[in-house]
Amino acid sequence: MINKKVANVHEALQGVSDNMTFMLGGFGLCGIPENSINELVTLNLKGLTCISNNAGVDDFGLGLLLHKKQIKKMISSYVGENMEFERQMLSGELDVELVPQGTLVERCRAAQSGFPAFFTPAGYGTEVAEGKEVREFNGKMYILEHAFKADFAFVKAWKGDAAGNLVFKGTARNFNPAMCGSAKITVAEVEELVPVGTLDPNQIHIPGIFVQRIFQGETYEKRIEQLTVRQRS
């Protein structure tokens, strides 16, 4: 068995540097790799391109990197509730590529599967299609989208083992599985790191072949972006 366990987040992020392209799992604040993001903030890297569904909120998640002007370009499906993201985009300080959500995840999955590109109908006839190859299949128009090329993918799972096998919990599954194996190096942080053989093979969502480094994270805040609760009767 190949042991992919590293001692901590500092060791997990060895090799990151300025001007790299990173994938970061999560949706809003759900299932984001909190420890990895905080370490990137501490390292004070610059000129980053970040591929993520959105950029967290102003004072949490990727919003922390935006606040310190560490991100040069965001590739996302929407701005979300991050006012600093909106401000930097509208002012021209931040290069932003908005991608349809389904296309965003498929560009991750294409990289994971080794496909260089794919055709999709999403975005045809809009600004999304500008400058892209267009082809007709069975009477319907499609645009060519290329797989992402990233240096690191940072994902967050509920449980994992030293072989890199991962189990996600609930909606924290979101973009995380599609980003595993979609970059040169995938770093997985988990809430619980268990011995190999502990996880039920039938319940593993991502096999360890897609993960290069794994560590047990610490002090997860798990903030809720929009708290919605049932009214008491």
Mind listing the side-chain donor-acceptor pairs of residues 148-160 below 3.5 Å, one per line with the distance, residues two or more places apart or on another chain?
from: D151; atom 1: OD2; to: T21; atom 2: N; distance (Å): 2.8
from: K156; atom 1: NZ; to: E191; atom 2: OE2; distance (Å): 2.4

Any salt bridge between K72 and D18, counting N to O under 4.0 Å? no
Check G28 against N53 and note the closest heavy-atom contact, atom names and distance. N-ND2, 4.5 Å
Any heavy-atom pair between the side chains of L166 and I204 that's under 4.5 Å? no
With the 4.5 Å side-chain cut-off for hydrophobic clustering, are L65 and L13 part of the same group? yes
I'd like to check V57 versus E225 (side-chain heavy atoms, cut-off strictly below 4.5 Å). Are they in contact? yes
Please output the side-chain donor-acceptor pairs of residues 38-51 that fall under 3.5 Å, not counting sequence neighbours, one pair per line with the distance.
from: N38; atom 1: ND2; to: E34; atom 2: O; distance (Å): 3.2
from: E39; atom 1: OE1; to: H10; atom 2: ND1; distance (Å): 3.1
from: E39; atom 1: OE2; to: H10; atom 2: ND1; distance (Å): 3.1
from: T42; atom 1: OG1; to: N38; atom 2: O; distance (Å): 3.0
from: N44; atom 1: OD1; to: K46; atom 2: NZ; distance (Å): 3.4
from: N44; atom 1: OD1; to: K68; atom 2: NZ; distance (Å): 3.4
from: K46; atom 1: NZ; to: K68; atom 2: O; distance (Å): 3.2

Common cluster, I185/V211, ILVMFWY with side-chain heavy-atom separation under 4.5 Å: no
May I ask you to say whether E93 pairs ionically with K69, meaning some side-chain N is under 4.0 Å from a carboxylate O? yes
Q112 side chain to P177 backbone, donor-acceptor under 3.5 Å: yes
Flag yes if more than 12 heavy atoms outside I209 fall under 6.0 Å of its CD1 atom; otherwise flag no. no
Straight-line distance of I71 CD1 to E84 CD, nearest 0.5 Å: 10.5 Å
Please say yes or no: joined through hydrophobic side-chain contacts below 4.5 Å, possibly via intermediate residues, are L24 and F175 part of one cluster? no
Do the side chains of E97 and V99 get nearer than 4.5 Å, heavy atoms only? yes
What's the separation between atom CE in M83 and atom CG in L66, rounded to the nearest 0.5 Å? 13.0 Å
Just do the side chain to side chain contact (heavy atoms under 4.5 Å, CB included) check on I32 and F27 with the steps written out, would you? CA-CA 7 Å; I32 64 172; F27 188 105; over 6 Å; no
Distance-only donor-acceptor hits, side chain of residues 127-137, under 3.5 Å, sequence neighbours excluded:
from: K132; atom 1: NZ; to: V128; atom 2: O; distance (Å): 3.0
from: K132; atom 1: NZ; to: E145; atom 2: OE1; distance (Å): 3.2
from: K132; atom 1: NZ; to: E145; atom 2: OE2; distance (Å): 2.9

Give, for atom CZ of F22 and atom OG of S52, the distance between the pair rounded to the nearest 0.5 Å. 13.0 Å
Cluster link L64 to M23, ILVMFWY, side chain under 4.5 Å: no
Check the pair I224 / L29 against side chain to side chain contact (heavy atoms under 4.5 Å, CB included), numbers first and verdict last. CA-CA 7 Å; I224 299 174; L29 302 180; over 6 Å; no
If we only count heavy atoms from C-beta on, is the N8 to F215 side-chain gap below 4.5 Å? no
For the residue pair S76 and N54, confirm or rule out a side-chain donor-acceptor distance under 3.5 Å. no
Keeping to residues at least two apart or across chains, list the ring-ring contact (aromatic ring centres under 6.0 Å, His included) pairs with something in residues 56-109. none
Candidate pair V196 and T198, rule side chain to side chain contact (heavy atoms under 4.5 Å, CB included), full reasoning: CA-CA 6 Å; V196 173; T198 303; over 6 Å; no
Please tell me if the side chains of K73 and I75 come closer than 4.5 Å, counting only heavy atoms from C-beta onward. yes
Only distances under 3.5 Å count here; give the side-chain donor-acceptor pairs of residues 113-121 to other protein atoms, sequence neighbours excluded, each with its distance to 0.1 Å.
from: S113; atom 1: OG; to: R109; atom 2: O; distance (Å): 3.1
from: T120; atom 1: OG1; to: A122; atom 2: N; distance (Å): 3.2

Do the side-chain N and O atoms of E218 and N35 include a donor-acceptor pair separated by under 3.5 angstrom? no
Distance-minimising heavy-atom pair for A111 and A147: N-CB, 3.7 Å
Rounding to 0.5 Å, atoms CG (D58) and CG (N82) come to a distance of 4.5 Å
Distance-minimising heavy-atom pair for M20 and G15: CE-O, 3.2 Å
Derivation and outcome, side chain to side chain contact (heavy atoms under 4.5 Å, CB included), residues R213 and E11: CA-CA 9 Å; R213 302 172 189 172; E11 187 176 339; over 6 Å; no
Quick one: do I206 and V194 end up in the same hydrophobic cluster if we chain Ile, Leu, Val, Met, Phe, Trp and Tyr together by side-chain heavy atoms under 4.5 Å apart? no
Dump the intermediate steps for salt bridge (charged side-chain N to carboxylate O under 4.0 Å, His left out) on R223 and D59, then the final yes or no. CA-CA 11 Å; R223 289 199 201 175; D59 62 343; 3.2 Å; yes
Is T186 reaching over with its side chain to a backbone N or O of Q212, donor-acceptor style, under 3.5 angstrom? no
Under 3.5 Å donor-acceptor, E189 side chain and Q216 backbone: no
Any pair counted as side-chain hydrogen bond (donor to acceptor under 3.5 Å, both in side chains), so long as it reaches residues 172-183, sequence neighbours left out: R173-H205, N174-N176
